[in-house]
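Beneath this line is the structure, given in structure tokens, with notes to follow.
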Amino acid sequence: MVKVKVEFLGGLDVIVGKERIHKVEVTRDDGNAVNVGDLIDYIVAKMIKEKNDVEVFIDNGSIRPGILTLINDTDWELEGEKEYELDDGDVVSFTSTLHGG
Amino acid sequence: MVKVKVEFLGGLDVIVGKERIHKVEVTRDDGNAVNVGDLIDYIVAKMIKEKNDVEVFIDNGSIRPGILTLINDTDWELEGEKEYELDDGDVVSFTSTLHGG
Amino acid sequence: SKVNNESLSLTEYQRYGRQMIVEESGGLRGQLELKSTRIVVVGAGGLGCPSLQYLVGAGVGHIGIVDNDTVEASNLHRQTLHDTSRVGTLKCESAKQKLNLLNPFVDIKTYPVRLTSENAFEIFDGYNYVLDCTDSPATRYLVNDVAVSLGITVISASGVGTEGQLCILNFKNQGPCYRCFYPTPPPPNSVSSCSEGGVIGPCIGLVGVMMAIETLKLIYGVYTIENFKPFLMSYSGFPQQSLRVFKMRGKQTTCKCCGSDPKITKETIESGEINYTEFCGQRNYNVC
Amino acid sequence: SKVNNESLSLTEYQRYGRQMIVEESGGLRGQLELKSTRIVVVGAGGLGCPSLQYLVGAGVGHIGIVDNDTVEASNLHRQTLHDTSRVGTLKCESAKQKLNLLNPFVDIKTYPVRLTSENAFEIFDGYNYVLDCTDSPATRYLVNDVAVSLGITVISASGVGTEGQLCILNFKNQGPCYRCFYPTPPPPNSVSSCSEGGVIGPCIGLVGVMMAIETLKLIYGVYTIENFKPFLMSYSGFPQQSLRVFKMRGKQTTCKCCGSDPKITKETIESGEINYTEFCGQRNYNVC
Ligand SMILES: [Zn+2]
Ligand SMILES: [Zn+2]
């Protein structure tokens with residue numbers, strides 16, 4: 001079990017009850033360390049209320065293009081993406097890329 | 001012995017070699033917990049190079065009017081001022097109040 | 001509520017539509033709040049120019065501008081509401097002329113005077129908010145004291161070099177005032193203005209834009225007695241842009257201005273008993 | 001060095017003195033760098049207006065403005081360089097007229113066209129920096145690709161509602177480009193513009209001012225190959241103003257634009273082989 005903070009920024013909070021910041025506890029049945037992939041599954045299964053909002057978040061089995069994923073304010077690409085093993089207190093942020101000018 | 005980060009903002013870095021951020025270790029001979037008052041004494045004794053810069057920082061035995069003191073981004077008035085006992089990792093910030101417009 | 005019976009014309013709907021559809025703006029209700037709000041801006045310089053542009057653009061109904069300085073070419077890198085053709089003319093008039101063109105629906109009044117103990121009450125009376133865009137400690141104390149006495153919330157900011165600070169003072173008469181934070185003024189020789197310390201135009205400009213944003217939030221009702229926590233924002237432009245929010249002390253019962261036994265009142269200010277020049281120390285400030 | 005043999009006249013010294021005395025500006029050397037710098041700004045809207053004001057105020061010598069939109073009253077809450085008297089006229093011309101008055105020492109060129117695969121190379125060629133102040137993904141990819149191909153550093157920003165983002169792309173041809181961050185475009189229906197999503201004027205304005213500050217830092221040489229770390233700044237105006245700096249990936253060797261085997265080149269862009277509309281999906285963007 002791991003306790004982490006999850007943030008939905010850049011308007012993405014609309015898919016999770018309009019709350020930008022969520023504190024969640026995620027467990028794995030097999031007892032292995034919980035990674036970011038598990039957290040994404042948890043968000044889809046437990047946090048996104050409307051099922052047709054899932055496609056705003058997930059595309060083709062991964063985070064939708066145009067959404068940046070940050071682990072402790074760092075691009076997840078530098079941290080191992082879905083394989084990053086979460087620790088208590090980690091902050092995972094998802095932010096929609098903005099296009100207006 | 002305590003390891004803390006000390007910041008000099010709003011132009012105050014001029015009195016400490018133009019470096020805004022300093023990591024310092026402060027000890028007390030009597031073995032008691034190191035407080036913010038001790039840190040201020042340490043800054044005056046060890047960090048301010050030019051002795052006539054001390055009056056930029058200290059006035060009448062305390063921090064000069066016009067300088068805000070923050071402990072972990074909180075006004076020190078809420079944290080016990082000089083009596084606050086420092087822990088490893090604490091951040092103490094001094095910032096000159098600006099007046100330009 | 002201070003919303004009056006005014007409504008929006010079709011032309012106003014079209015002009016403000018892009019902000020009214022943002023949820024945080026409160027839609028029509030928020031726009032009518034803006035329209036009925038009266039704001040006085042002290043100083044049409046590096047902070048005042050961008051604040052005024054966005055407050056007037058947003059449709060704040062009534063704006064006062066207090067400034068007796070004239071435009072200089074050396075102001076224009078940061079005071080972008082003015083222009084070269086206005087050098088030598090009053091900043092408040094230069095600003096008003098540009099702002100009228102930006103948004104003719106806003107009523108703009110100019111006060112081409114230096115704010116003093118004698119005139120401040122008359123100028124501030126009737127305004128809902130004061131923006132402190134001035135550049136000397138003495139004027140900052142005066143703005144604060146008069147606003148507290150009249151029960152007006154102040155959006156106060158300052159900057160020099162590449163840094164800036166912003167706070168909300170006397171929030172609904174419950175929040176701390178400038179003297180709660182700074183009971184004793186700084187020694188006069190420790191203060192530098194934009195003219196002598198220098199300033200990077202967009203750094204002070206960014207702080208002015210932040211003032212407009214905080215003002216809109218006050219008008220929209222984002223801050224309430226329940227959720228307001230005293231803060232001071234500290235912005236730094238170089239080497240990396242950063243914005244920190246410090247949690248600040250609340251109203252001090254011992255405060256001479258807003259505390260339980262205030263010595264600073266309309267009477268003591270207007271009589272000259274509170275002497276700002278003496279309090280802050282004699283020093284020549286070059287105009288900013 | 002790209003500093004040419006130009007010097008400053010006494011009038012210029014007086015105009016820029018307040019920023020030249022700030023240490024971070026590099027004094028006379030920095031001012032001459034500004035004077036010899038050529039910047040093209042794509043979009044004279046909510047981001048472009050404040051960026052242009054401060055870059056022109058600061059004395060950047062040569063500015064290009066690309067925009068084929070005309071001013072609408074609904075722009076004015078956030079596009080404060082324009083005004084009511086200019087409604088219906090070209091934004092690039094409206095901006096130029098104001099900016100010339102602000103600082104007659106700046107040479108301003110207008111491009112009243114929509115940026116396309118056909119004209120982008122010709123427009124960008126010769127500029128030192130591109131400011132991406134546009135409002136659709138297709139144009140953002142085009143700006144990026146052409147800038148990378150020409151070896152130009154891009155200051156890219158965007159905003160909607162009360163939020164904004166900013167990054168520096170293709171820094172000295174070593175930093176990541178837009179396609180390194182976003183190899184696949186977002187689905188067209190996930191994108192909202194300022195017109196349809198709405199925007200609070202000073203929130204997008206603050207991001208535009210941040211662009212000017214980043215541009216000045218690039219010109220002053222604050223960022224170097226040695227110290228530059230890719231980042232993305234994320235600004236939020238409500239409920240509390242916050243600015244976060246995310247640490248981002250570096251240049252991707254697999255990037256189709258700036259990687260080791262680029263498929264996106266002057267030839268494939270200009271021939272239309274790289275089809276931006278198809279890549280980003282068909283969708284009608286209302287002009288912002
Ligand atoms: Zn007080
Ligand atoms: Zn790339």
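Letters A, B, ... are given to chains in the order of the sequence lines, protein chains preceding strands, and every chain is numbered from 1. Bear in mind that the values here come from a model prediction, so they are computed numbers and not experimental data.
The cationic group of C:Arg179 lies under 6.0 Å from the six-membered ring centre of C:Phe279 and within 45° of the ring axis, placing it in a cation-pi geometry.
Salt bridge status for B:Glu77 with C:Lys247: absent, with no side-chain N to carboxylate O gap under 4.0 Å. Remark: B:Lys51 does not engage B:Asp53 in a salt bridge, criterion side-chain N to carboxylate O under 4.0 Å. A salt bridge is defined here as a Lys NZ or Arg NE, NH1 or NH2 lying under 4.0 Å from an Asp or Glu carboxylate O, and B:Asp13 with B:Lys18 fails to meet this definition.
When ring centroids are compared, B:Phe8 and B:Phe94 come within the 6.0 Å threshold.
Neither the backbone nor the side chain of C:Thr139 comes within contact range of chain B, judged by heavy atoms closer than 4.5 Å. Proximity to chain B (any heavy atom under 4.5 Å) is shown, for C:Thr184, by both the backbone and the side chain. In this structure, chain C has a heavy atom under 4.5 Å from the side chain of B:Leu68, while its backbone stays farther away. Proximity to chain B is limited to the side chain of C:Arg140, based on heavy atoms less than 4.5 angstrom apart. With a 4.5 Å cut-off on non-hydrogen atoms, B:Thr97 touches chain C through its backbone and its side chain both. Of the atoms belonging to C:Val207, not a single heavy atom falls under 4.5 Å from chain B.
Shown are C:His82, C:Arg78, C:Lys98; of these, the side chain to side chain contact (heavy atoms under 4.5 Å, CB included) with C:Cys49 is made only by C:His82.
When each of B:Ser93, B:Gly10, B:Gly66 is checked for heavy-atom pairs under 4.5 Å with chain C, B:Gly10 comes out on top. Among the candidates B:Leu9, B:Asp73, B:Leu78, the residue making the largest number of heavy-atom pairs closer than 4.5 Å to chain C is B:Asp73. Interface check for chain B: of the options C:Arg244, C:Arg249, C:Glu163, C:Met248, the most heavy-atom pairs under 4.5 Å are formed by C:Arg249.
For B:Asp90 and B:Tyr84, the side-chain atoms include at least one donor-acceptor pair closer than 3.5 Å.
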